[in-house]
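Worksheet: the structure to be examined is printed underneath.
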Amino acid sequence: MNPPSLGRDRNFLVFWGTQTFSVLGDSFSVIAFPLLMLEATGSLLQMGLLTSVMAAGALSMGLVGGAIVDRFDRRRLLIACDVARLLLFAAVPVCWAIEPQTWLLFVVAGVASVFGQLFQITYITAVPNIVGRERVAEANSKLQATASLASIGGPALAGLVAAALGVTAAIAIDAATFGVSALGLLAVRLTRVAPAAASTGRSGLVRDLRTGFLTGARFLWRHPVLRVLTIFLTITTFVTYGLTDVIIYQVRHGLGQSENVVGYVMAAAGAGTCLAAVLSAWLRRRLGFGACWLAAMSLCGAAGVALALNRDAVVMGGAVFVFWFGLMLAAVCSMSLRQLVTPDALLGRVTAAFWTIHYSLAPLGAAVLTGAADRFGASGPLLAVAVIYLVVVGVAAFTPIRGRNPEEHPVGAGT
């Protein structure tokens with residue numbers, strides 16, 4: 001018997017709607033925080049340092065977040081993360097109204113990224129609990145499509161708000177969306193498999209926190225496709241994490257454009273991710289995993305070349321569209337594969353280990369990329385990013401990634 005359509009599943013619809021609205025607010029902070037730092041300091045290096053602090057915060061939670069997600073109620077964790085981020089983000093416009101303090105941006109960005117990472121790990125593990133494993137690919141496609149659609153208007157709207165009301169107003173709007181998300185999650189029900197491997201008592205929690213990352217990492221290593229995916233994504237994340245800062249800096253200072261144009265260029269990223277999310281399930285069925293993932297990464301490499309070699313805002317917007325199309329297509333393929341092959345009781349730890357490993361070099365990567373762009377100009381570093389993506393594609397074509405249905409690969413014994 002076929003499961004009911006997600007379009008008639010009230011539980012999924014509530015979750016879908018509230019998270020789409022939350023992403024709309026999140027897309028404000030993607031623009032607002034770098035712009036506020038640039039406005040306060042005029043320094044690309046400070047922007048890169050802020051991005052590195054955010055990456056470090058996410059990395060720290062990744063080491064223990066999986067064990068927390070597999071042990072505790074996932075809906076309550078999602079709500080708690082939303083409330084924490086609401087309070088943190090709200091502190092920025094309040095403080096700025098009294099006296100601007102750039103140190104607060106580092107504190108808020110760092111701590112909020114900790115809760116943001118815990119939310120993302122929980123979010124990924126909660127999707128199968130809401131829709132069932134047989135509808136994971138369809139649910140991911142819908143969630144990512146509307147999240148990307150929200151991110152199209154978000155950056156452009158953030159640019160307009162920043163120009164008309166100030167950058168801190170955009171951050172205040174983002175804070176409010178976390179409240180909406182928390183309220184919506186109160187109406188969502190999750191059905192999950194009990195975490196049979198979890199220990200009881202305080203000592204059990206400490207043990208789970210200490211060993212959770214290793215448990216997830218072992219699972220990744222024993223699956224032939226997840227193993228190489230983790231390696232390649234660690235490399236590409238190193239060169240990509242600071243890319244938004246470099247593009248914003250290039251548009252504002254290299255091309256001499258306004259905040260509105262920054263918003264429009266970054267909205268192209270949202271358009272690319274939206275189209276990729278809409279097409280991801282169809283492309284995955286049509287092409288198979290390997291061809292789909294390799295094509296997506298190839299698009300990123302080609303778009304990186306265009307970003308490096310042009311000085312026109314329109315062309316840059318088109319290249320951003322293609323780059324983020326490929327990035328989202330590859331991400332949805334990877335995420336759905338992990339959800340399909342990982343037991344529910346391990347999914348939090350596997351997700352956390354995957355993200356922690358492939359984001360482990362992100363703070364350094366953001367600092368290196370933005371520092372190089374600040375010293376030598378954006379073209380050289382952007383071209384280096386493109387070359388690395390294309391090299392990864394060439395090597396990956398000779399690994400198990402190229403298979404059509406890697407979810408059929410068995411995991412090594414002992415997992």
Side-chain angles (χ1 to χ4, degrees), residues 1-29 61 65-66 68-90 112 114-154 157 171-195 198 270 273-274 277-278 281 332 335-336 339 344-345 347-348 351-352:
M1 180 178 178
N2 292 327
S5 168
L6 288 178
R8 295 195 298 269
D9 187 329
R10 177 187 172 278
N11 199 44
F12 173 73
L13 290 176
V14 173
F15 181 76
W16 188 12
T18 55
Q19 295 317 298
T20 299
F21 190 75
S22 180
V23 171
L24 178 65
D26 275 338
S27 64
F28 272 56
S29 61
M61 175 50 72
I68 294 172
V69 170
D70 283 338
R71 186 181 180 92
F72 294 104
D73 183 274
R74 291 172 179 171
R75 187 180 68 129
R76 291 179 181 177
L77 282 175
L78 289 169
I79 294 171
C81 290
D82 273 338
V83 172
R85 289 184 292 171
L86 184 158
L87 297 174
L88 286 164
F89 277 62
V114 171
F115 286 103
Q117 180 75 338
L118 182 59
F119 184 94
Q120 289 299 319
I121 296 169
T122 313
Y123 174 93
I124 295 301
T125 60
V127 171
N129 302 150
I130 294 171
V131 304
R133 288 180 177 264
E134 67 278 4
R135 298 188 294 178
V136 159
E138 181 188 357
N140 284 336
S141 179
K142 291 181 183 298
L143 286 163
Q144 295 298 331
T146 52
S148 302
L149 186 62
S151 69
I152 295 173
L157 186 57
I171 296 176
I173 291 173
D174 193 7
T177 63
F178 290 125
V180 174
S181 175
L183 290 173
L185 287 167
L186 289 172
V188 174
R189 300 185 310 276
L190 277 71
T191 302
R192 62 174 295 197
V193 177
T273 56
C274 179
V278 169
V332 173
M335 178 173 59
S336 297
Q339 290 168 322
D344 184 75
L347 188 52
T351 300

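Positions are given from 1 along the sequence.
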Does the Thr351 side chain pair with the main chain of Gly348, one donor and one acceptor, at a distance under 3.5 Å?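 No, Thr351 side chain to Gly348 backbone: no donor-acceptor pair under 3.5 Å.
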Who passes ring pair (Phe, Tyr, Trp, His ring centres under 6.0 Å) against Phe115, sequence neighbours left out?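 In terms of ring pair (Phe, Tyr, Trp, His ring centres under 6.0 Å), with neighbours along the sequence ignored, Phe115 is linked to no residue.
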Acceptor/donor pairs from residues 180-190 side chains to any protein atom, 3.5 angstrom cut, sequence neighbours excluded:
residue	atom	partner	partner atom	Å
Ser181	OG	Gln19	NE2	3.1
Ser181	OG	Asp82	OD2	2.6

Working to the nearest 0.5 Å, report the span between [atom1] of [X] and [atom2] of [Y].
| X | Y | atom1 | atom2 | result |
| --- | --- | --- | --- | --- |
| Ile121 | Ile68 | CD1 | CD1 | 8.5 Å |
| Leu13 | Thr18 | CG | OG1 | 10.5 Å |
| Phe119 | Ile79 | CZ | CD1 | 9.5 Å |
| Asn129 | Arg75 | CG | CZ | 12.5 Å |

By side chain to side chain contact (heavy atoms under 4.5 Å, CB included) - contacts of Ala175 (at least two apart):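 Ala175 satisfies side chain to side chain contact (heavy atoms under 4.5 Å, CB included) with Phe89, Ala90 once adjacent residues are dropped.
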Qualifying side-chain hydrogen bond (donor to acceptor under 3.5 Å, both in side chains) pairs with a residue from residues 114-123, counting only residues at least two apart or across chains: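 Every pair satisfying side-chain hydrogen bond (donor to acceptor under 3.5 Å, both in side chains) with a residue in residues 114-123: there are none.
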Within a strict 4.5 Å, meaning less than it, do heavy atoms of the Trp16 and Leu143 side chains meet?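 Side chain of Trp16 against side chain of Leu143, heavy atoms only: contact under 4.5 Å found.
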What is the minimum heavy-atom distance between Gln339 and Pro128, and which atoms define it?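 It is NE2-CD, 4.1 Å.
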Which pair of heavy atoms, one from Ile124 and one from Leu347, lies closest together, and at what distance?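 Between these two residues, the closest heavy atoms are O-CD2, 4.3 Å.
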